[in-house]
Amino acid sequence: MDGSNQSLVSEFLLLGLAHSQNLQVLLFIIFLMLYLIILSGNITVMFLIITDQNLHSPMYFFLANLSFVDMWLSSITTPKMITDFLKEPKIISFAGCMCQVFFDHCVGAVEMVLLVVMAYDRYVAICKPLHYFTIMNLKRCTGLVLTSWTIAFIHAMSQLLAVVQLPLCGHMEIDSFFCDIPLIIKLACMDYHDLDIYMNADCGAVVVTCFILLLISYTYILITVRQSSKSGASKALSTCTAHITVVMIFFVPCIFIYVWPLNITWLDKFLAVFYTVFAPLLNPAIYTLRNKEMKNAVKKFKNYFRNHKENT
């Protein structure tokens, strides 16, 4: 076996999103602005939910957790990508690369399971409204969030352990803006076909299972909504439409990267940007713009801030 194993690999070269210097400067400005919006948007959602008594319900408890997860999902890769736009060469250490692998899969899996939990919450609220607060008590809500993190940790560790001891050969170039498992596997000094299948199956166990559970939940919800009153159905459909939009934005790119890879470099980069940047960016907007209670909380906060400013 010609080459070096992982113990001799100290760093990787990231090829990034673009090669043109002018384009990289433009992308630096765009993604820096997007990242600041992601942080401010998700922090605002968490702040409103924590401070507004009207938002102290299971649905908003899960939404606050989703905003927290979105903020960290973007922070795993985006700051490194932004700084790399102004650097040549774009180097990442072996330890940094493995950290990206672990946290990308851990936080990404948390979001998937959390979206299932949120769908279950909506199912209970719409299909079993009289028992909602009995079923979705604080203890159960906290347990569901902790379960999400536990499942995600196990999944991420299984991915990391399979990659961290992989024998690597040749030029340590990764044609992306962050360390992604399918690209690291291609650097292996071995036939990586079986490992590729294992990775797809492992990711598929999380992604496809969550996606199927989501489809089942929303199918039950939609069936129940059709049989309910028009006013209740309208509110339920509005809430579920927001959830389904978030699900499609997040799950579709993950499916085509990790479960059913297309192996088209530019498309893989686009999909990776979509679920690490645009999904965390759009989630706060989708939930606040389509949610009457969140919009009321924003208005109350604006009025409080305006009154406080006038008094001082």
Side-chain angles (χ1 to χ4, degrees), residues 31 34-35 37-39 41-42 45-46 59 62-78 81 100-123 144-145 147-149 151-153 155-156 159 176-178 180-182 199-200 202-219 221 239-262 267-291:
F31 282 102
L34 292 178
Y35 183 60
I37 294 171
I38 289 168
L39 292 182
N42 284 290
V45 170
M46 289 188 289
M59 183 178 82
F62 294 130
L63 179 55
N65 277 276
L66 181 67
S67 291
F68 176 79
V69 170
D70 274 333
M71 189 171 62
W72 289 109
L73 178 65
S74 180
S75 298
I76 294 164
T77 58
T78 309
M81 174 180 66
Q100 282 193 340
V101 167
F102 175 79
F103 287 108
D104 181 53
H105 280 265
C106 183
V107 179
V110 170
E111 174 137 353
M112 290 179 187
V113 181
L114 198 55
L115 288 170
V116 174
V117 169
M118 292 176 74
Y120 172 69
D121 171 71
R122 291 300 84 204
Y123 162 76
L144 288 169
V145 172
T147 300
S148 302
W149 281 98
I151 293 171
F153 179 81
H155 164 70
Q159 297 282 295
S176 185
F177 61 93
F178 74 109
D180 208 1
I181 284 183
M199 291 296 184
N200 291 341
D202 191 11
C203 291
V206 176
V207 178
V208 176
T209 300
C210 289
F211 195 63
I212 290 172
L213 289 174
L214 285 164
L215 291 178
I216 293 171
S217 297
Y218 286 119
T219 299
I221 289 170
T239 303
C240 290
T241 300
H243 285 218
I244 292 169
T245 303
V246 170
V247 166
M248 297 308 293
I249 288 171
F250 188 75
F251 272 84
V252 171
C254 290
I255 288 172
F256 285 114
I257 292 175
Y258 299 110
V259 182
W260 188 20
L262 300 175
L267 183 58
D268 287 344
K269 289 182 181 182
F270 172 77
L271 293 173
V273 168
F274 205 84
Y275 89 84
T276 57
V277 178
F278 288 106
L281 174 72
L282 294 173
N283 281 0
I286 290 170
Y287 280 109
T288 53
L289 294 178
R290 295 185 61 86
N291 188 297

Requested in this report: Kindly assign one of parallel, tilted or perpendicular to the pair F102 and F153, based on the angle between their ring planes and the thresholds 30° and 60°.
Outcome: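 F102 vs F153 ring planes: perpendicular.
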Requested in this report: If the plane angle is over 60° it's perpendicular, under 30° parallel, otherwise tilted; pick one for F274 and F278.
Outcome: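 The rings of F274 and F278 sit tilted, inter-plane angle from 30° to 60°.
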Query raised in the report: Could you go step by step and tell me if I244 and L214 meet the side chain to side chain contact (heavy atoms under 4.5 Å, CB included) rule?
Result: CA-CA 9 Å; I244 292 169; L214 285 164; over 6 Å; no
Report task. Calculate, to the nearest 0.5 Å, the distance between atoms CG and CZ belonging to N283 and F250 respectively. Result -> 9.0 Å
Can you check whether [X] reaches [Y] side chain to side chain, under 4.5 Å on heavy atoms?
{"X": "L39", "Y": "S75", "value": "yes"}
{"X": "I37", "Y": "L281", "value": "yes"}
{"X": "P261", "Y": "N200", "value": "yes"}
{"X": "I249", "Y": "I286", "value": "yes"}
{"X": "V277", "Y": "M81", "value": "yes"}

Requested in this report: Could you please spell out the steps behind the side chain to side chain contact (heavy atoms under 4.5 Å, CB included) verdict for F256 and L267?
Outcome: CA-CA 9 Å; F256 285 114; L267 183 58; over 6 Å; no
Requested in this report: Decide if atom CH2 of W149 counts as having more than 12 heavy atoms of other residues, nucleotides or ligands within a radius under 6.0 Å.
Outcome: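 Enclosed: over 12 neighbouring heavy atoms sit under 6.0 Å from CH2 of W149.
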For residues [X] and [Y], report the shortest heavy-atom separation together with the two atoms involved.
{"X": "L73", "Y": "Y275", "answer": "CD2-O, 3.5 Å"}
{"X": "A119", "Y": "I221", "answer": "O-CD1, 3.9 Å"}
{"X": "S148", "Y": "V113", "answer": "OG-CG1, 3.4 Å"}
{"X": "A64", "Y": "M46", "answer": "O-CG, 3.6 Å"}
{"X": "Q100", "Y": "I76", "answer": "NE2-O, 3.6 Å"}
{"X": "I257", "Y": "A272", "answer": "CD1-N, 3.6 Å"}

**Report entry** Y258 and D202 side chains, donor-acceptor separation under 3.5 Å
**Finding:**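 Looking only at side-chain atoms, Y258 and D202 do not form any donor-acceptor pair under 3.5 Å.
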**Report entry** Test side chain to side chain contact (heavy atoms under 4.5 Å, CB included) applied to F178 and V101, D104, V273, T78, the passing residue
**Finding:** D104
Query raised in the report: When you look at V206 and H105, which way does the side chain to side chain contact (heavy atoms under 4.5 Å, CB included) test go after all the steps?
Result: CA-CA 10 Å; V206 176; H105 280 265; over 6 Å; no
Report task. I would like to know whether I38 and D70 meet side chain to side chain contact (heavy atoms under 4.5 Å, CB included); could you show each step before the answer? Result -> CA-CA 8 Å; I38 289 168; D70 274 333; 5.8 Å; no
